[in-house]
Amino acid sequence: MESNNPEIEYDLSHLCVVYKNGKVERFIGTEIVPPSPADPETGVGSKDVVIEPDTGILARLYKPKPTNPGQKLPLLVYFHGGGFFVQTAFSPTYQPFLNSLAAQANVIIVSVDYRRAPEHPLPIGYDDSWAAVKWVVSHSDGNGEEEWLRDCADFGRVFLGGDSSGANIAHNMAIRVGSDGLDGGKLVGLVLMHPYFWGKYPIADETTDVGAITFQEKVWLSACPMSTGLDDPWINPVMDPKWPGIGCAKVLVVVAEKDVLKHRGWLYYEELRKSGWGGEVEIVETEGEEHVFYLEKPYCDKAKDLVKRVASFMKSI
């Protein structure tokens, strides 16, 4: 008879608990909202698509209200956060933010629903994300099945972006573009929102709290059991020998003053400038705010200002 109190395999605090019997109890990111033909506030339309039926890779697409019929729009492939364990592309956490960004940047957004740990440990999420990127650009020849991409997207202006662990994925996809190319598209920019990077040893003014460091290690090694540790290039990009080969010419890094991950974002910015990469990197820090505050408080003034800043970066390329 199965116990009413199954034994815990590991506890990831506010994210989830994983039990030895295989059950996963997620505490956040479990709600979903439907897509909308036209968002009441922005006019942005959204719909859900299947990318790979066999693996279950899905996406939510966002298309702004047409202002110039026939105009091809830039394309943002976006990866949601959640520590690789929680949230989805269909979460109410993302709908206001991506509607607003699609409208203000005047871009089509493909928000990728990759498979999550622990049921699907990394690098499965990376592989799913790369499959999604390739699926998107497969429409560049005019023969893809998704009309919003086939008929409306400018594949000469492709962006990658994400928040937290999704920003980690976006970075790793840009590295892969740099090494493998992007047949059918041109990656022009990378947007990293409060990126989830870490390392074996504290840097600068980063926390030295043993509990916080242990938690970050537990999250990473639980998401990616095959990892070599906290200096694995997947989680600590400055350790990657492919670092200067990032596959675009412009990068925007966004951090928040009270975010424990802030220092890694600044390190990314500083080291990329010195790496010999040859592109342009910008950084924006929001004073007085916590990790992914713009998702938690999408209608506050600082969140609105941040969306404008990201949209301005994209429109400048």
Hey, can you pull the donor-acceptor pairs under 3.5 Å for the side chains in residues 181-195, sequence neighbours left out?
unit_1, atom_1, unit_2, atom_2, d
His194, ND1, Val292, N, 2.7

For the residue pair Tyr268 and His171, does the interplanar ring angle fall in the parallel (under 30°), tilted (30 to 60°) or perpendicular (over 60°) class? perpendicular
Heavy-atom count check: over 12 atoms from other residues, nucleotides or ligands less than 6.0 Å from Glu119 CD? yes
Test Trp234 against every option in Phe84, Phe197, Tyr126 by the ring-ring contact (aromatic ring centres under 6.0 Å, His included) rule and name the one that passes. Tyr126
Whether Glu146 side chain and Trp148 backbone form a donor-acceptor pair below 3.5 Å: yes
Following the transitive rule for hydrophobic clusters with a side-chain heavy-atom cut-off under 4.5 Å over Ile, Leu, Val, Met, Phe, Trp and Tyr, establish whether Val33 and Phe97 coincide in one cluster. no
Would you indicate whether Asp205, at its atom CG, is surrounded by more than 12 heavy atoms from other residues, nucleotides or ligands within a distance under 6.0 Å? no
Taking Leu221 as the starting point, is it possible to reach Leu230 by hopping between hydrophobic residues whose side chains are less than 4.5 Å apart? yes
When you check the gap from the basic side-chain N to the acidic O, do Lys20 and Glu9 get nearer than 4.0 Å? no
Using the six-membered ring wherever Trp is involved, compare the ring planes of Tyr114 and His80 and label them parallel, tilted or perpendicular (cut-offs 30° and 60°). parallel
Show, in sequence, the C-alpha distance, side-chain angles and deciding distance for Asp232 and Asn236, and conclude whether the side-chain hydrogen bond (donor to acceptor under 3.5 Å, both in side chains) test is met. CA-CA 6 Å; Asp232 188 318; Asn236 190 357; over 6 Å; no
In terms of side-chain geometry, is the basic nitrogen of Glu270 or Arg273 positioned less than 4.0 Å from the acidic oxygen of its partner? no
Tyr19 six-ring centre to Lys23 NZ/CZ under 6.0 Å and within 45° of normal: yes
Crowded around Glu287 CD? As in, over 12 foreign heavy atoms under 6.0 Å? no
Derivation and outcome, salt bridge (charged side-chain N to carboxylate O under 4.0 Å, His left out), residues Lys200 and Asp231: CA-CA 6 Å; Lys200 187 174 181 180; Asp231 277 342; 5.9 Å; no
Following the transitive rule for hydrophobic clusters with a side-chain heavy-atom cut-off under 4.5 Å over Ile, Leu, Val, Met, Phe, Trp and Tyr, establish whether Ile51 and Val133 coincide in one cluster. yes
Step-by-step side-chain hydrogen bond (donor to acceptor under 3.5 Å, both in side chains) determination, Tyr94 to Asp163: CA-CA 10 Å; Tyr94 287 93; Asp163 62 275; 2.8 Å; yes
Would the distance check show the side chain of Asn68 and the main-chain N or O of Gln71 forming a donor-acceptor pair, the cut-off being under 3.5 Å? no
In this structure, are over 12 heavy atoms from other groups packed under 6.0 Å from Lys297 atom NZ? yes
Between Tyr62 and Asp39, is the side-chain hydrogen bond (donor to acceptor under 3.5 Å, both in side chains) condition met? List the steps. CA-CA 10 Å; Tyr62 297 81; Asp39 175 59; over 6 Å; no
Are Trp198 and Leu15 connected in a single hydrophobic cluster, I mean Ile/Leu/Val/Met/Phe/Trp/Tyr linked by side-chain heavy atoms less than 4.5 Å apart? yes
Quick one: does any side-chain atom of Ser100 pair with a main-chain N or O of Pro96 as donor and acceptor, under 3.5 Å? no
Where does the angle between the aromatic ring planes of Tyr10 and Phe85 fall among parallel (under 30°), tilted (30 to 60°) and perpendicular (over 60°)? perpendicular
Is it the case that more than 12 heavy atoms not belonging to Ile32 sit under 6.0 Å from its CD1 atom? no
Salt bridge or not between Glu282 and Arg309? Use side-chain N to carboxylate O under 4.0 Å. yes
